[in-house]
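Start at 1 and go down the list; that is how both ligands and their atoms are numbered.
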Amino acid sequence: MEPAVDLAIVGGGVIGCSVAYHATRRGGRVALVEAERIGSGASGAAAGMLNAQAEAHEPGPFLDLLLSSRRLHGPLGEELYEATGLDPEYVWAGTLRVATDEAFREIFAAEYSWQREQGLAARWLDADEIRELEPNLSSESVAALYLPEDGQVNPPRLVQALALGATLGGARVMEATSAEGLVVKGRRVTGVRTARGEIPAGAVVLAGGASATLLSNQLGVHLPVHPVKGEILAVNARPAPVRVNIWNSECYVVPKRDGRVVIGATEEPGVYDRRPTLGGVAHLSRAAVNLVPELSRAPFASAWGGLRPGTPDGEPILGPVEGWEGLFLATGHYRNGVLLSAITGESIAALALGETSPFDVSPFSQNRFAESVTR
Ligand code: FAD
Ligand code: GLY
């Protein structure tokens with residue numbers, strides 16, 4: 001069968017939509033299938049922090065991936081706005097990692113030290129300097145690591161902009177369309193089977209987030225991806241009581257451009273139920289008010305949950321699948337899928353179209369979990 005498209009992408013989260021967008025920018029013919037709605041998975045649930053430095057714990061390929069992706073977001077946002085008229089609402093004000101006790105002061109001081117050695121922008125703040133930067137933080141905040149180049153975005157807006165940008169570039173984006181299986185010829189994946197029929201494709205990208213394993217299992221490729229449930233909520237507060245992303249050991253507080261302050265997030269490995277619970281809302285509310293007392297007066301807006309695609313080392317699984325032609329992985333982005341969407345889209349689109357990736361994603365190959373992958 002002749003390929004109807006160069007790329008069939010399974011999953012319409014921020015990762016699948018970014019691969020679709022970047023593939024159309026490279027001239028690829030693209031079809032994307034999404035079982036529910038675009039952005040209805042983890043991507044629509046995210047806080048949207050672009051924490052390349054706040055989420056990194058040591059120098060190495062993962063830090064390089066995070067930093068490279070953060071660099072791509074600035075131009076990507078401008079390009080998307082130009083192409084679609086949708087503003088993903090980027091804010092580049094930084095992230096403040098706040099210590100309320102000696103143990104966390106030591107942890108963040110160590111982070112500060114290696115980040116400075118790497119030449120990264122980072123400032124160490126004492127209690128007075130914290131209050132200068134963020135006067136509404138509680139007096140429990142004793143020291144903080146300020147990472148001024150981290151940022152944030154509105155994740156549902158980013159996903160919509162990527163999907164619209166892909167559509168305007170000629171991609172066929174199909175919602176309410178579940179991929180039920182992969183079409184295989186010998187050791188080559190030649191398309192995707194859906195309830196609406198087959199989509200013959202030159203290559204297939206699995207970007208199904210926490211559910212990506214369902215299709216790969218069909219080929220005997222067992223990916224170590226598991227759901228890590230996160231509950232999260234929002235209040236209305238304009239003007240916001242804080243200017244930058246604030247994150248301590250109990251919660252984070254993210255002031256959005258649309259007048260909400262997002263407060264997250266719990267972490268529950270292995271839980272598939274996405275609904276927020278009273279316990280989760282109670283925990284986050286208490287933690288946020290301890291951190292920023294002013295928030296106790298903010299009207300409650302909403303609470304929701306999502307399933308992060310977790311991996312054993314917290315890093316994504318990217319690139320081709322050994323032993324299978326035409327199959328590419330873009331999943332396992334755990335806490336950083338929104339941030340990593342830019343570099344994942346750019347790299348996986350290139351590889352799956354048979355071109356050279358501008359970034360070496362080989363350290364994130366599924367081979368690093370060789371013992372849990374069978375063929
Ligand atoms: P998803 O968004 O889950 O998308 C996968 C899509 O695939 C789904 O829409 C699903 O319906 C579809 N799908 C699955 N199987 C099939 C199939 N067979 N056929 C068709 N469609 C299928 N990241 C950050 O960078 N910064 C943050 O601040 C941040 N905060 C977070 C806060 C919370 C509470 C949570 C839960 C996550 C957060 N994350 C954050 C992580 C980020 O949301 C994820 O890493 C990212 O969204 C993963 O994107 P994805 O496209 O792989 O998965
Ligand atoms: N990156 C924030 C979260 O996953 O909750």
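- Arg37 and Glu34 are not joined by a salt bridge, as no carboxylate oxygen comes within less than 4.0 angstrom of a charged side-chain nitrogen.
- Atom 35 (C) of ligand 1 has its closest protein heavy atom at Arg308 CG, 3.8 Å.
- Scanning all protein heavy atoms for the shortest distance to atom 46 (C) of ligand 1 gives Gly337 CA, 3.8 Å.
- Linking ILVMFWY side-chain heavy atoms closer than 4.5 Å, directly or via other members, places Val189 and Val19 in two distinct hydrophobic clusters.
- Against a heavy-atom cut-off of under 4.0 Å, Val33 is close to the following atoms of ligand 1: 20 (C), 21 (N).
- Between Gln152 and Lys256, some side-chain heavy-atom pair lies under the 4.5 Å cut-off.
- Of the candidates Gly39, Ala265, Gly332, Ala179, it is Ala179 that places a heavy atom closest to atom 19 (N) of ligand 1.
- The protein heavy atom nearest to atom 26 (N) of ligand 1 is Met49 O, 2.9 Å.
- Annotation: Glu34 places an N or O atom under 3.5 Å from an N or O atom of ligand 1; distance criterion only.
- Counting only heavy atoms from C-beta outward, the side chains of Glu315 and Phe364 approach each other to under 4.5 Å.
- Listed by atom number, the atoms of ligand 1 under 4.0 Å from Gly306 heavy atoms are 36 (C).
- Connection of Met174 to Val10 is established within a shared hydrophobic cluster, with ILVMFWY side chains joined at heavy-atom distances below 4.5 Å, either directly or through further cluster members.
- At the shortest separation from atom 14 (C) of ligand 1 among protein heavy atoms lies Gly208 O, 3.5 Å.
- Annotation: atom 32 (C) of ligand 1 to nearest protein heavy atom, Tyr252 OH, 3.4 Å.
- Side chains of Pro155 and Ser43 form no contact here, defined as non-hydrogen atoms less than 4.5 Å apart.
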Show me the short polar-atom pairs for ligand 2: any N or O of it lying under 3.5 Å from a protein N or O, with distances only.
from	atom 1	to	atom 2	distance (Å)
ligand 2	1 (N)	Glu55	OE2	3.4
ligand 2	1 (N)	Arg335	O	2.8
ligand 2	4 (O)	Arg308	NE	2.7
ligand 2	4 (O)	Arg308	NH2	3.4
ligand 2	5 (O)	Tyr252	OH	2.7
ligand 2	5 (O)	Arg308	NH2	2.7

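- Ligand 1 is never approached by Thr331 to a heavy-atom distance shorter than 4.0 Å.
- A salt bridge does not link Glu250 to Arg286: none of the charged nitrogens lies less than 4.0 Å from a carboxylate oxygen.
- Taking all heavy atoms of Gly11, Gly13, Ala330, Pro309 into account, the minimum distance to atom 48 (C) of ligand 1 is reached by Pro309.
- At least one N or O atom of Ile15, backbone or side chain, sits closer than 3.5 Å to an N or O atom of ligand 1.
- The existence of a salt bridge linking Glu36 and Arg274 is confirmed by a sub-4.0 Å separation between a basic side-chain nitrogen and an acidic carboxylate oxygen.
- Residue Trp304 does not touch ligand 1, judged by heavy-atom distances below 4.0 Å.
- Of all atoms in ligand 1, listed by their number and element, those nearer than 4.0 Å to a heavy atom of Tyr334 are 41 (C), 42 (C), 44 (C), 45 (O).
- Considering only heavy atoms from C-beta on, Phe300 comes within 4.5 Å of Leu233 through its side chain.
- A heavy-atom distance below 4.5 Å is not found between the side chains of Glu231 and His283.
- Taking a cut-off of under 4.0 Å to the non-hydrogen atoms of Asn336, the atoms of ligand 1 that pass are 23 (N), 24 (C), 25 (O).
- Residue contact check: Ser211 has heavy atoms under 4.0 Å from atoms 14 (C), 15 (N) of ligand 1.
- Within the 4.5 Å cutoff, no side-chain heavy atoms of Glu134 are placed close to those of Val98.
- Residues Thr95 and Asn51 have side chains that bring a donor and an acceptor to within less than 3.5 angstrom of each other.
- Using a 4.5 Å heavy-atom threshold, the side chains of Ser347 and His22 count as separate.
- Here the side chains of Tyr90 and Leu158 are in contact, with some heavy-atom distance below 4.5 Å.
- A cation-pi arrangement is not found for Arg188 relative to Trp324, the charged atom failing to lie both closer than 6.0 Å to the ring centre and inside a 45° cone about the ring normal.
- For ligand 1, the atoms lying closer than 4.0 Å to a non-hydrogen atom of Gly48 are 27 (C), 28 (O).
- When non-hydrogen atoms are compared, ligand 1 lies under 4.0 Å from the backbone of Ala207 (N, CA, C, O) but not from its side chain.
- Arg157 and Asp258 are not joined by a salt bridge, as no carboxylate oxygen comes within less than 4.0 angstrom of a charged side-chain nitrogen.
- At the shortest separation from atom 1 (P) of ligand 1 among protein heavy atoms lies Ala42 N, 3.6 Å.
- Counting heavy atoms closer than 4.0 Å to ligand 1, residue Thr177 contributes backbone atoms (N, CA, C, O) but none from C-beta onward.
- Not a single heavy atom of Gly264 sits closer than 4.0 Å to an atom of ligand 1.
- Distances below 4.0 Å separate heavy atoms of Val14 from the following atoms of ligand 1: 49 (O), 51 (O).
- Contacts between Leu339 and ligand 1, counted as non-hydrogen atom pairs separated by less than 4.0 Å, involve both the backbone and the side chain.
- With a 4.0 Å heavy-atom cut-off, ligand 1 is reached by no atom of Gln152.
- Relative ring orientation between Tyr112 and Trp124 is described as tilted, the plane-to-plane angle lying within the 30° to 60° band.
- Using a 4.0 Å cut-off between a side-chain N of Lys or Arg and a carboxylate O of Asp or Glu, Arg97 and Glu111 do not qualify as a salt bridge.
- For atom 49 (O) of ligand 1, the nearest protein heavy atom (residue, atom name, distance) is Ser43 OG, 3.3 Å.
- In terms of polar-atom proximity, Ala46 is not counted as a contact of ligand 1, lacking any N or O under 3.5 Å from an N or O of the ligand.
- When the ring pair (Phe, Tyr, Trp, His ring centres under 6.0 Å) test is applied to Tyr334, no partner is found at least two apart in sequence or on another chain.
- Here Arg123 does not pair with Glu129 in a salt bridge; the nearest charged N to carboxylate O distance is not below 4.0 Å.
- Annotation: atom 24 (C) of ligand 1 to nearest protein heavy atom, Arg335 O, 3.1 Å.
- Close N/O approach between Ala47 and ligand 1 is found [any backbone or side-chain N/O within under 3.5 Å].
- When each atom of ligand 1 is checked for a heavy atom of His333 under 4.0 Å away, the hits are 45 (O).
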